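Just below is one structure, and these are the notes that go with it.
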Number of protein chains: 2
Amino acid sequence: MIVNKLRELRERKKTQSATPEEWSQEGLAKKLGVTRQTIISMEKGTYNPSLELAFKIARVFETSIEDVFEYRDDEHET
Amino acid sequence: MIVNKLRELRERKKTQSATPEEWSQEGLAKKLGVTRQTIISMEKGTYNPSLELAFKIARVFETSIEDVFEYRDDEHET
DNA sequence: TTTATATGTAAAGTATACCTTACGTAAAGT
DNA sequence: ACTTTACGTAAGGTATACTTTACATATAAA
């Protein structure tokens, strides 16, 4: 299973940025070229991004994929 | 677009391993819990893995996602 | 009270990751 | 010659990432 720090990273950017609207869900969606629904679902953990989107996210937050997303083995794997 | 070093990494493991069969396409597929078709398609570049599979791959090759996969912007993006 | 901004939910559709099965080829060993 | 191992291709199916549209709620500002 994959957990992410998306909301945390976004909120941090929002408070630190001179233009917080850039870091609303909608602003982030625009930066990434996806819809707001996609951001919501990822923040909720409803689904995981594709590898390509994960790369874009890491780039936007100026960090690595491994810093945004964490992979944990579940004991119940198929 | 995403490019990967899968084939290269797999071949290296194959020659360096005491048990090269482990690192055939089929052997790798078993390690990752996917089918051989999935390995073939990724090595060919036909499709990109999910983030979860990318994590598993990095783990199996004892390295990072960024070391296995590279993200390049194309000029022609939607 | 009205308007704008940010967040959330739901449902139906499209694109693609991944699976299953089946067949083809080439090399190496018996 | 035949068997095994590794690699490849093709086609149809399932799961899920992502889209589109529409509606709802809370807050802050006019």
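Here the structure is a predicted model, which means the values were calculated and not measured. Sequence lines set the chain letters: A, B, ... in the order given, protein chains first and strands last, and positions in each chain run from 1.
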### Query
Base, sugar-phosphate alone, or nothing: which one does B/Glu21 contact when heavy atoms must sit under 4.0 Å apart?
sugar-phosphate
D/dT9 OP1/OP2 closer than 4.0 Å to side-chain N/O of B/Lys44: yes
For A/Gly27, answer base if it contacts any base atom (sugar-phosphate contacts may also be present), sugar-phosphate if it contacts only those atoms, and nothing otherwise; contact means non-hydrogen atoms under 4.0 Å. nothing
Using only side-chain N and O atoms of A/Lys14, determine if any of them is under 4.0 Å from OP1 or OP2 of C/dA6.
-> no
Atom NZ of B/Lys30 and atom P of D/dC7 are separated, to the nearest Å, by 13 Å
A/Glu43 has its side chain closest, among D/dC18, D/dC7, C/dG8, to C/dG8
According to a strict under-4.0 Å criterion, is B/Arg7 in side-chain N/O contact with OP1 or OP2 of D/dA6? no
Within the structure, does a side-chain N or O atom of A/Thr38 lie under 4.0 Å from either OP1 or OP2 of D/dT19? yes
To the nearest angstrom, the CD-P distance between B/Gln37 and C/dA22 comes to 14 Å
Atom CG of B/Leu53 and atom C1' of C/dA17 are separated, to the nearest Å, by 9 Å
The residue, B/Arg36 or B/Tyr47, whose nearest nucleotide of DNA chain C is more 5′ is B/Tyr47
Atom CD1 of A/Ile40 and atom P of D/dA24 are separated, to the nearest Å, by 16 Å
Exactly one candidate in B/Asn4, B/Thr38, B/Leu6 meets side-chain contact (heavy atoms from CB on, under 4.5 Å) with B/Glu43; the answer is B/Leu6
| field | B/Thr35 vs C/dC19: side-chain N/O to OP1/OP2 distance below 4.0 Å | value | yes
B/Met42 CE to C/dT16 P, in whole Å, measures 17 Å
Are any non-hydrogen side-chain atoms of A/Lys56 and B/Tyr71 less than 4.5 angstrom apart?
yes
Taken to the nearest whole Å, CD/B/Glu52 to C1'/C/dT16 is 16 Å
note: B/Ile39, atom CD1; C/dA17, atom P; distance rounded to Å ~ 14 Å
Quick test of your reading of the model: are B/Arg59 and A/Asp73 salt-bridged, counting only N-O distances below 4.0 Å?
yes
Would you say B/Arg10 places a side-chain N or O within less than 4.0 Å of OP1 or OP2 belonging to D/dC7? yes
By the Watson-Crick or G-U definition, both distances under 3.5 Å, C/dT30 is matched with D/dA1
In whole angstroms, the gap separating P of C/dG8 from CG of A/Leu6 amounts to 12 Å
Has B/Ser50 got a side-chain N or O lying under 4.0 Å from the OP1 or OP2 atom of C/dC18?
yes
### Query
Can you find a heavy atom in the side chain of B/Glu70 that is under 4.5 Å from one in the side chain of B/Lys5?
no
Would you call B/Glu11-B/Lys13 a salt bridge at under 4.0 Å N-O?
no
